[in-house]
Chemist: 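The structure that follows is given in the form of structure tokens.
Note: hydrogens, waters and symmetry copies are ignored here, and every other heavy atom, side chains too, is used. Quick caveat: nothing in here was measured; it's all calculated off a predicted structure.
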Amino acid sequence: MLAEYLPTLLFLIVATGIGVALILVGNLLGPKRPSAEKLSPYECGFAAFEDARMQFDVRYYLIAILFIVFDLEIAFVFPWALVFRELGVFGLVEMGVFLALLVIGFVYVWKKGALEWE
């Protein structure tokens, strides 16, 4: 039974060997000309101006979470659209309720000022 796994084991050994060999060849033969600019952290095309451990405003996380929630909920519309004809009026009403809840949530978030960025 172990003989059946021999090709898989051989594949893993060869793949690991090739990976290690490529890393070693790159380190041995690759150019080594570090400069201050190359060693500096890259942040969106401009020099870092604060510590990496600085605190972000809570609104950043709130907007990110809202984006994920609305994005995932909108993803439910696509499968519904594929089976719309089979669902009939019941499916239309259910999707209407679903979208109404989305709109209510969006209006609530908007009224609370969660989408405002200063």
Side-chain angles (χ1 to χ4, degrees):
M1 184 171 141
L2 288 177
E4 294 175 9
Y5 291 106
L6 185 62
T8 305
L9 180 63
L10 184 62
F11 174 76
L12 289 175
I13 291 171
V14 169
T16 304
I18 289 173
V20 169
L22 289 175
I23 290 173
L24 288 175
V25 168
N27 282 336
L28 293 175
L29 301 178
K32 294 174 186 64
R33 294 183 292 261
S35 65
E37 188 174 346
K38 285 183 181 179
L39 296 176
S40 68
Y42 178 76
E43 291 187 15
C44 301
F46 54 87
F49 55 87
E50 288 190 29
D51 184 25
R53 292 166 192 82
M54 70 179 196
Q55 292 184 348
F56 284 97
D57 193 1
V58 172
R59 289 175 290 190
Y60 171 78
Y61 296 109
L62 184 60
I63 297 236
I65 289 171
L66 288 172
F67 171 76
I68 290 171
V69 166
F70 284 111
D71 189 47
L72 288 177
E73 289 185 359
I74 291 299
F76 288 118
V77 174
F78 293 108
W80 170 80
L82 292 176
V83 294
F84 172 69
R85 293 191 192 269
E86 289 84 21
L87 295 176
V89 176
F90 177 75
L92 182 62
V93 171
E94 289 295 321
M95 186 51 72
V97 169
F98 178 74
L99 292 176
L101 288 173
L102 272 181
V103 169
I104 290 170
F106 181 70
V107 169
Y108 174 78
V109 167
W110 193 351
K111 293 293 182 187
K112 284 292 189 178
L115 300 175
E116 308 249 340
W117 197 265
E118 298 168 0

Chemist: Would you kindly confirm whether Leu72 and Phe67 end up in one hydrophobic cluster when ILVMFWY residues are joined by side chain heavy atoms under 4.5 Å apart?
Modeler: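 Yes; tracing contacts between hydrophobic side chains, which count when under 4.5 Å, links both residues.
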Chemist: Phe84: what forms a ring pair (Phe, Tyr, Trp, His ring centres under 6.0 Å) with it, not counting sequence neighbours?
Modeler: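 Counting only residues at least two positions away or on another chain, Phe84 forms a ring pair (Phe, Tyr, Trp, His ring centres under 6.0 Å) with Trp80.
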Chemist: Should the heavy atoms of other residues, nucleotides or ligands under 6.0 Å from CD of Glu86 be counted, would the total exceed 12?
Modeler: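 Yes, enclosed.
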Chemist: Same hydrophobic cluster for Val83 and Leu92, using side-chain heavy-atom links shorter than 4.5 Å among ILVMFWY?
Modeler: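 Same cluster.
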Chemist: Report, as yes or no, whether the 6.0 Å neighbourhood of atom CZ on Phe76 holds more than 12 heavy atoms from other residues, nucleotides or ligands.
Modeler: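 No.
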Chemist: Roughly how far, to the nearest 0.5 Å, is CG of Leu66 from CG of Asp71?
Modeler: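 Asp71 CG to Leu66 CG: 12.0 Å, rounded to 0.5 Å.
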Chemist: Check whether Val97 and Val103 end up in the same hydrophobic cluster, where Ile, Leu, Val, Met, Phe, Trp and Tyr are linked by side-chain heavy atoms less than 4.5 Å apart.
Modeler: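 As far as the 4.5 Å side-chain criterion goes, Val103 and Val97 are not connected within one cluster.
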Chemist: Given the rule that I, L, V, M, F, W and Y join up when any side-chain heavy atoms are under 4.5 Å apart, are Leu99 and Val69 in one cluster?
Modeler: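 No; tracing contacts between hydrophobic side chains, which count when under 4.5 Å, never links both residues.
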Chemist: Just verifying a value: how many Å separate Phe106 CZ and Lys111 NZ, rounded to the nearest 0.5 Å?
Modeler: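 One gets 11.0 Å once the value is rounded to the nearest 0.5 Å.
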Chemist: What is the distance from atom CG of Leu22 to atom CG of Asn27, rounded to the nearest 0.5 Å?
Modeler: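 Answer rounded to 0.5 Å: 11.0 Å.
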Chemist: Would you say Val109 and Ile74 are hydrophobically clustered, going by side-chain heavy atoms of ILVMFWY under 4.5 Å?
Modeler: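 Yes; Ile74 is reachable from Val109 via cluster members.
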